[in-house]
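To find a chain, count down the sequence lines: A is the first, B the second, and so on, and within it residues start at 1. Because only heavy atoms are used, hydrogens play no part in the values below, and waters and symmetry mates are left out as well, while side chains stay in. These numbers were taken from a predicted model, which means no experiment stands behind them.
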Amino acid sequence: EAAVTQSPRSKVAVTGGKVTLSCHQTNNHDYMYWYRQDTGHGLRLIHYSYVADSTEKGDIPDGYKASRPSQENFSLILELASLSQTAVYFCASSEGLGRSSYEQYFGPGTRLTVL
Amino acid sequence: KTQVEQSPQSLVVRQGENCVLQCNYSVTPDNHLRWFKQDTGKGLVSLTVLVDQKDKTSNGRYSATLDKDAKHSTLHITATLLDDTATYICVVGDRGSALGRLHFGAGTQLIVIP
């Protein structure tokens with residue numbers, strides 16, 4: 001079964017501070033994604049990556065950077081955390097081609113609170 | 001503009017009852033539609049995926065339909081259990097590959113009471 005883990009599971013950060021959220025997958029998947037979930041709204045794509053050492057902007061990339069140092073690891077970086085970035089962040093992975101690429105496997109989420 | 005609308009926003013049923021969740025969308029193209037279950041504080045777990053123009057799937061007590069002409073999907077849960085308490089999220093994919101985008105609904109919060 002696909003396995004995506006995230007760390008930390010929750011974090012409290014101060015406004016203006018730097019925050020790094022980490023994601024690790026053991027599925028040998030090419031694609032990895034970062035989403036944020038806000039109460040009452042659907043998940044929105046922040047950044048994604050289809051190969052190590054390369055990242056792409058999603059629909060809401062402003063205020064976020066991403067890093068893919070290896071196929072297994074994908075980080076989301078908030079250089080200057082702001083109150084509006086309080087949310088739950090989900091990482092996901094998927095294969096690139098074929099019918100199996102229909103599905104993304106999600107991590108358990110990281111609850112980030114910026115004070 | 002929200003492209004995936006789910007209804008109802010929340011729903012309370014008694015254990016053993018059946019329920020139906022609705023998903024309407026305006027995503028184009030609409031390659032596939034997937035229903036996820038999200039337990040409180042957990043990630044999204046796929047329940048079923050629908051692909052064809054008029055599709056039906058069944059996965060135990062979960063069954064789903066898709067009508068691409070109407071851009072509408074339903075998720076039926078029969079004989080609900082307390083463990084069915086969760087948020088159910090409808091997701092429309094605009095391509096059949098990882099190059100496409102997933103469009104997420106806000107979810108229907110289902111509460112099953114004894």
From the list A:Arg9, A:Gln37, A:Arg111, A:Arg44, the residue making the most non-hydrogen contacts under 4.5 Å with chain B is A:Gln37
Same cluster (ILVMFWY, side-chain, under 4.5 Å), [X] and [Y]:
X	Y	result
B:Phe104	B:Leu33	no
A:Ile77	A:Phe74	no
B:Phe36	B:Tyr62	no

Side chain from CB out, backbone as N, CA, C, O: work out which of these in [X] comes under 4.5 Å of a heavy atom of chain A, or both, or neither.
X	answer
B:Gln109	neither
B:Ile89	side chain
B:Asn31	side chain

Non-hydrogen side-chain atoms of [X] and [Y] separated by less than 4.5 Å:
X	Y	result
A:Tyr35	B:Leu102	yes
A:Gln104	B:Arg34	no
A:Phe90	B:Gln38	yes

Tightest non-hydrogen contact, residues B:Ala106 and A:Gly40, listed as CB-O, 3.4 Å
Atom [atom1] of [X]: over 12 foreign heavy atoms under 6.0 Å:
X	atom1	value
B:Asp52	CG	yes
B:Lys54	NZ	yes
B:His72	NE2	yes
B:Gln53	CD	yes

Is it the side chain or the backbone of A:Leu45 that comes within 4.5 Å of chain B heavy atoms, both, or neither? side chain
Any chance you could measure B:Ser46, atom OG, to A:Phe106, atom CZ, to the nearest 0.5 Å? 9.5 Å
